[in-house]
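See below for the structure under consideration.
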Amino acid sequence: MGGSGSKSKGYWPFSGSGSVDVDDPTKDGNEQASLAKRSFRNATPFVFTRRSSLYFDEDGDLAHEFYEETIVTKNGRKRAKLKRIQKNLIPQGIIKLDHPCIHVDFPVVLCEI
């Protein structure tokens with residue numbers, strides 16, 4: 001479930017553009033002025049969906065991992081062993097979150113202690 005920051009440059013509108021202006025207010029340490037200059041019209045800080053880490057197996061069961069029990073004979077003794085199944089699994093895909101979360105790249109401090 002863990003979130004991660006956007007990997008590509010310019011992917012998230014809250015991240016910097018990468019270009020440095022001569023009169024850039026972030027050079028003086030005033031980051032609030034730079035936030036006011038950026039356009040937030042098309043972006044929302046909330047995340048409504050995420051990629052699921054669950055898989056469907058051949059029977060339609062849903063889980064993170066699947067195992068099958070195999071019988072191993074060693075020194076004339078039969079022993080049960082679990083073998084992990086990694087083939088024929090279908091990812092669940094994109095799921096909708098019950099409650100929206102805030103994106104990890106959101107640049108504003110929400111609570112300061």
Are [X] and [Y] packed together at the side-chain level, in the sense that at least one heavy-atom pair is separated by less than 4.5 angstrom?
| X | Y | result |
| --- | --- | --- |
| Glu68 | Leu82 | no |
| Val72 | Lys78 | no |
| Ile94 | Arg50 | no |
| Asp61 | Phe56 | no |
| Gln92 | Leu62 | yes |

Mind listing the closest non-hydrogen atom pair of Thr49 and Lys96 along with its distance?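 Of all heavy-atom pairs spanning Thr49 and Lys96, the closest is CG2-CA, 4.2 Å.
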Inter-residue atom distance [X].[atom1] - [Y].[atom2], 0.5 Å rounding:
| X | Y | atom1 | atom2 | answer |
| --- | --- | --- | --- | --- |
| Leu89 | Glu65 | CG | CD | 10.5 Å |
| Ile85 | Asp57 | CD1 | CG | 7.0 Å |
| Phe46 | His99 | CZ | NE2 | 13.5 Å |

Donor-acceptor under 3.5 Å (Asn75 side chain, Arg77 main chain):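 Such a contact is absent between Asn75 side chain and Arg77 backbone.
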So, Thr70 side chain and Lys81 main chain: donor-acceptor pair closer than 3.5 Å or not?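 Yes, Thr70 side chain to Lys81 backbone: donor-acceptor pair under 3.5 Å.
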Could you walk me through whether Arg79 and Ile71 pass side chain to side chain contact (heavy atoms under 4.5 Å, CB included), step by step? CA-CA 6 Å; Arg79 193 174 142 207; Ile71 304 296; over 6 Å; no
Does the pair Tyr55 and Ile90 meet the rule for a side chain to side chain contact (heavy atoms under 4.5 Å, CB included), with working shown? CA-CA 5 Å; Tyr55 294 91; Ile90 302 166; over 6 Å; no
